[in-house]
Protein chains: 2
Amino acid sequence: MPAEVSSASPSSPPLTERQEARRRRILHASAQLASRGGFDAVQMREVAESSQVALGTLYRYFPSKIHLLVATMQDQLEHMHGTLRKKPPHGETAAERVAETLMRAFRALQREPHLADAMVRALTFADRSVSPEVDQVSRQTTVIILDSMGLENPTPEQLSAVRVIEHTWHSALITWLSGRASIAQVKIDIETVCRLIDLTAPEGHR
Amino acid sequence: MPAEVSSASPSSPPLTERQEARRRRILHASAQLASRGGFDAVQMREVAESSQVALGTLYRYFPSKIHLLVATMQDQLEHMHGTLRKKPPHGETAAERVAETLMRAFRALQREPHLADAMVRALTFADRSVSPEVDQVSRQTTVIILDSMGLENPTPEQLSAVRVIEHTWHSALITWLSGRASIAQVKIDIETVCRLIDLTAPEGHR
DNA sequence: ATCAAGTCTGAAACTTGTTCTAGATTAGCG
DNA sequence: CGCTAATCTAGAACAAGTTTCAGACTTGAT
């Protein structure tokens with residue numbers, strides 16, 4: 001199985017090696033700065049300097065700070081997906097497995113709360129100009145959830161439930177990041193919404 | 001029944017008449033500019049000018065653009081609550097009534113999509129420094145939902161369901177505002193999540 | 001009415017995201 | 001190799017949120 005080449009939108013001209021390297025340096029610098037101080041700490045001039053790239057070049061690669069952070073999130077999501085798929089959840093019901101997976105992801109975010117802050121804030125603040133990228137993040141999240149459910153071809157009802165779960169996931173993260181909800185609270189909310197899955201399950205489980 | 005004096009946090013020194021008037025002018029200008037062009041169109045210098053107040057004064061009343069927009073949302077939410085409470089929803093089950101109420105609110109937002117954009121973006125972008133205000137908005141929303149359910153003393157489970165509904169509501173609004181979900185899609189998501197209520201209902205309904 | 005404290009004003013300054021420009025470098029090609 | 005188009009760089013410039021400051025105005029208490 002191929003290791004890289006995974007996500008980047010297949011459109012647009014392919015990048016040369018040096019360009020790929022620049023892109024990588026930029027994303028790395030972004031994640032690093034974000035890990036330090038969250039959204040505000042990711043300052044475009046600093047990202048440019050850290051990644052040894054001119055400001056104009058940074059903007060050529062990522063047309064705005066939001067684009068940059070959403071791309072950073074795409075990047076992190078891939079890692080996450082890889083990690084999660086190695087050890088699949090072992091709950092009985094689909095609802096349990098999804099909740100388990102999300103809580104695992106949540107614990108990963110807790111290890112880098114500032115990074116989580118930067119990424120999630122960017123994601124929810126994104127306007128129409130970032131729709132394609134945000135959508136890609138959303139699709140990736142959907143894949144992770146469906147994966148953990150272990151479903152081949154979900155029903156429309158189940159897809160609705162997954163959408164609602166994603167809504168809850170994002171919004172719960174926000175309330176946690178802004179200090180308005182505890183970790184325990186987030187856990188409860190996730191478990192609550194995951195019950196929707198059982199509600200929409202057609203027949204037997206697994 | 002008293003007409004005004006409704007929301008403002010009861011703490012802090014009471015405002016003089018002229019101060020109250022200034023505050024009102026600022027909120028009005030904010031809503032007006034937001035209605036025109038959304039989040040970006042609410043520029044602090046313009047708000048100050050429109051409301052005939054010095055920039056420094058504006059910042060004394062609202063310490064940031066986010067604070068201003070969240071306060072604007074509090075203001076609008078009150079109107080909304082008043083309007084909604086006049087014609088209570090007539091669905092059979094609690095779930096139906098909540099969905100009906102939220103869809104009614106959604107239609108109101110559709111009439112001023114730019115204003116909705118400004119308020120919702122501010123709400124989700126708010127950091128810890130705005131927690132108290134955001135929390136107040138959240139509480140107000142909870143009250144509206146519980147109101148429409150017609151519950152006296154909800155169980156903890158039901159409160160969880162309401163929290164999840166709020167999460168879904170906010171996040172669904174965001175996806176709609178950023179053009180990633182249709183109105184129909186939002187409707188489906190709301191109806192889907194409202195099913196959670198029936199799931200947590202203890203006994204008979206109504 | 002008068003004084004002190006607090007508030008408001010107008011304007012400048014500062015910060016950080018974003019855009020623009022002129023010149024150097026690089027990549028692809030004949 | 002030598003050319004051309006695309007890309008990159010350094011740095012200035014611009015935009016909007018935020019801060020600061022000196023002076024004018026209000027308010028509340030005496």
Side-chain angles (χ1 to χ4, degrees), chain A residues 12-27 29-30 33-34 36-72 117-119 121-123 125-130 133, chain B residues 12-27 29-30 33-34 36-72 117-119 121-123 125-130 133:
Chain A
S12 64
L15 301 180
T16 71
E17 208 167 311
R18 306 184 52 176
Q19 287 175 321
E20 194 53 57
R22 269 189 208 104
R23 186 166 193 283
R24 222 95 280 312
R25 287 206 306 278
I26 292 172
L27 286 175
S30 168
L33 287 170
R36 286 225 209 309
F39 188 89
D40 292 334
V42 181
Q43 302 194 353
M44 299 306 267
R45 285 175 241 262
E46 287 215 30
V47 172
E49 190 173 357
S50 293
S51 48
Q52 306 203 266
V53 138
L55 192 53
T57 305
L58 172 53
Y59 273 93
R60 173 186 280 274
Y61 281 72
F62 302 97
S64 77
K65 174 169 174 174
I66 300 292
H67 281 85
L68 170 58
L69 284 172
V70 170
T72 303
D117 172 76
M119 298 189 304
R121 298 262 292 286
L123 206 64
F125 192 63
D127 65 4
R128 296 179 119 82
S129 71
V130 206
E133 289 80 1
Chain B
S12 66
L15 302 180
T16 71
E17 207 166 312
R18 306 183 53 179
Q19 287 175 321
E20 193 55 54
R22 269 190 210 103
R23 185 166 194 284
R24 222 88 291 306
R25 286 204 307 277
I26 293 172
L27 286 176
S30 167
L33 287 171
R36 284 224 209 312
F39 188 89
D40 293 334
V42 181
Q43 302 193 353
M44 299 304 268
R45 285 174 241 259
E46 287 214 30
V47 172
E49 191 172 355
S50 293
S51 49
Q52 307 203 266
V53 137
L55 193 54
T57 306
L58 172 53
Y59 273 94
R60 174 186 279 273
Y61 280 73
F62 301 97
S64 78
K65 173 170 174 172
I66 300 292
H67 281 84
L68 170 57
L69 284 173
V70 171
T72 303
D117 171 76
M119 297 189 306
R121 297 264 291 287
L123 205 64
F125 192 64
D127 65 3
R128 298 179 116 81
S129 71
V130 205
E133 289 80 2

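Bear in mind that the values here come from a model prediction, so they are computed numbers and not experimental data. By convention in this document, chain letters (A, B, ...) are assigned in the order of the sequence lines, proteins followed by strands, and residues within each chain are numbered from 1.
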Any residue meeting salt bridge (charged side-chain N to carboxylate O under 4.0 Å, His left out) with B:R24, in chain and number order, not counting sequence neighbours: B:D75
Decide if the gap between the ring center of B:F125 and the ring center of A:F39 is smaller than 6.0 angstrom. yes
For the backbone of [Y] and the side chain of [X], can you confirm whether one donor and one acceptor N or O come within less than 3.5 Å of each other?
X     : Y     : answer
B:E20 : B:E17 : no
B:S51 : B:V47 : yes
B:H67 : B:Y61 : no
B:Q19 : B:T16 : yes

Return the value, rounded to whole Å, for the distance between atom [atom1] of [X] and atom [atom2] of [N].
X     : N      : atom1 : atom2 : answer
A:E46 : C:dG17 : CD    : P     : 9 Å
A:F39 : D:dG17 : CZ    : C1'   : 13 Å
B:E17 : C:dT7  : CD    : P     : 18 Å
B:L68 : D:dA16 : CG    : P     : 16 Å
A:Q43 : C:dT16 : CD    : C1'   : 6 Å
B:M44 : D:dA16 : CE    : P     : 14 Å
B:Y59 : C:dT9  : OH    : P     : 15 Å
B:I26 : C:dT7  : CD1   : P     : 14 Å

Tell me what A:V42 touches on the nucleic acid: a base, only sugar-phosphate, or nothing, going by heavy atoms under 4.0 Å. sugar-phosphate
Mind checking if A:Y61 touches a base, just sugar-phosphate, or nothing, with heavy atoms under 4.0 Å? sugar-phosphate
From the set [options], return the single nucleotide nearest to any side-chain atom of [X].
X     : options               : answer
B:R45 : D:dT18, C:dT9, C:dT18 : D:dT18
A:S64 : C:dA12, C:dC8, C:dT18 : C:dT18
B:R60 : C:dC8, C:dT16, D:dG17 : C:dC8
A:V53 : D:dT9, D:dT7, D:dG17  : D:dT9
A:K65 : C:dC8, D:dT18, C:dT18 : C:dT18

Summarise protein proximity over nucleotides 21-30 of chain C in one line of letters, 5' to 3': B for base, S for sugar-phosphate only, - for none, counting protein heavy atoms closer than 4.0 Å. -----SS---
Ignoring backbone atoms, test whether B:Q19 places a side-chain nitrogen or oxygen under 4.0 Å from the OP1 or OP2 oxygen of C:dC8. yes
Closest-nucleotide ordering on DNA chain D, the 5'-leading residue of A:L58 and B:L55: A:L58
Of all heavy-atom pairs linking B:G38 and B:A118, the shortest is C-CB, 3.8 Å
